[in-house]
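Ligands are counted one by one from 1 in listed order, and the atoms in each one are counted from 1 as well.
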Amino acid sequence: MANFNTVAGCILASALFAMVVGKVSNAVVHPHKLDKPALAVVDEAPTQTAAAAPVEVSPIGPKLAGANVDAGKAIFMKQCFTCHTTDKGGANKVGPNLWDIVGRKVASHAGFSYSSALQAKGGDWSYEDINRMILKPTAYVKGTKMAFAGLPKEQERADVIAYLRTMADTPKPLP
Ligand code: HEC
């Protein structure tokens, strides 16, 4: 009897063990079923890429030599002058004065209170960075206070940048 009890006990224990293992492995396997929600997260990735896509823009450098400085000045007067001056020692308006902006340290003009977003950007204003900034400032520098929709036309951006380049004692070399 003692033997039978031991054997029965063993069988019961094994059965219980098997059940527990079954449950546990179910529990372990279960998270794999969460692959679907995980896929849904992956599905969002293209949307995010699409949102950031406008900043991926072809280089403006090669377009600058053929750009039209006078046309750029006219576009600037219409689109940017409400907020920016470009003359040497010119006033800060809603935006900072842009004298000698090509190669100028980002967010560095005296007396202007920049957003922390632009201050965090760092670096100097290259032609390509200005191109991205004026294409869509809020996409390029998230949190910028430059409330400007942007210039979608590449030719207009090239003309404006070519004009900005001339507003310096020694215009930076064309790329
Ligand atoms: C509605 C006002 C407004 C308009 C229009 C505007 N800007 Fe700005 N711009 C700003 C403000 C404000 C800042 C400072 C942004 C910050 O601190 O985040 C700025 C910053 C900049 C900077 C960076 C300056 C620096 O010292 O780092 C450049 C370059 C610039 N603007 C170019 C332009 C050009 C070119 C245009 C026209 C195509 C334009 N902006 C139109 C308000 C404007």
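From the protein, the heavy atom lying nearest to atom 8 (Fe) of ligand 1 is H84 NE2, 1.9 Å. Protein heavy atom in closest approach to atom 29 (C) of ligand 1: I101 CG1, 3.9 Å. Of the protein's non-hydrogen atoms, the one nearest atom 16 (C) of ligand 1 is S115 OG, 3.3 Å. Among all protein heavy atoms, the one lying closest to atom 4 (C) of ligand 1 is C83 SG, 3.3 Å. Scanning the protein for heavy atoms near atom 39 (C) of ligand 1, the closest one is M146 CE, 3.2 Å. For atom 13 (C) of ligand 1, the nearest non-hydrogen atom of the protein is P96 CD, 3.6 Å. For atom 37 (C) of ligand 1, the closest non-hydrogen atom of the protein is C80 SG, 1.8 Å. Summary of contacts: the protein heavy atom closest to atom 5 (C) of ligand 1 is Q79 O, 3.2 Å.
In this structure the side chain of T144 never reaches within 4.5 angstrom of the side chain of K121, judged on heavy atoms. The closest side-chain heavy-atom distance from L135 to R157 is below 4.5 Å.
Within a 6.0 Å radius of NZ in K93, other residues, nucleotides and ligands contribute more than 12 heavy atoms.
In this structure, the side chain of Q119 does not engage the main chain of A107 through any donor-acceptor pair within 3.5 Å. Proximity of a side-chain donor or acceptor of D159 to a complementary backbone N or O of N68 within less than 3.5 Å is detected. At least one donor-acceptor pair under 3.5 Å links the side chain of R104 to the backbone N or O of W99.
Between G143 and ligand 1, no N or O atom pair is found at a separation short of 3.5 Å. The shortest N/O to N/O separation between R104 and ligand 1 falls below 3.5 Å.
Under 4.0 Å from ligand 1, heavy atoms of T144 appear from its side chain as well as its backbone. Using a 4.0 Å cut-off between heavy atoms, F148 contacts ligand 1 through its side chain alone, with no backbone atom that close. Of the heavy atoms in L98, only side-chain atoms (C-beta onward) come closer than 4.0 Å to ligand 1. Proximity of H109 to ligand 1, defined as any heavy-atom pair under 4.0 Å, is not found for any part of the residue.
The only member of K88, R165, K172, H109 that meets side chain to side chain donor-acceptor pair (under 3.5 Å) when paired with D100 is K172.
The nearest pair of heavy atoms linking V106 to L118 is CG1-O, 3.6 Å. Nearest heavy atoms, N97 versus N92: N-OD1, 2.9 Å. Residue G150 comes nearest to P137 through the heavy atom pair CA-CD, 4.2 Å, listed as atom of the first residue, atom of the second, then distance.
Within the 4.0 Å heavy-atom cutoff, A117 does not count among the residues contacting ligand 1. In this structure, L151 counts as a contact residue of ligand 1, since one of its heavy atoms falls inside 4.0 Å of the ligand. In this structure, I134 counts as a contact residue of ligand 1, since one of its heavy atoms falls inside 4.0 Å of the ligand.
The distance from ligand 1 to the heavy atoms of A147 drops below 4.0 Å at these ligand atoms: 1 (C). The distance from ligand 1 to the heavy atoms of G95 drops below 4.0 Å at these ligand atoms: 10 (C), 11 (C), 12 (C). Taking a cut-off of under 4.0 Å to the non-hydrogen atoms of A107, the atoms of ligand 1 that pass are 25 (C), 26 (O), 27 (O).
Considering Y163, W125, W99 only, the shortest heavy-atom separation from atom 24 (C) of ligand 1 involves W125.
Within the model, atoms CD1 of I161 and CD1 of I134 stand 4.5 Å from one another, a figure rounded to the nearest 0.5 Å.
No single ILVMFWY cluster, assembled from side-chain heavy atoms under 4.5 Å apart, contains both Y114 and V94.
In summary, K73 and D70 do not engage in a salt bridge, as defined by a charged side-chain N under 4.0 Å from a carboxylate O.
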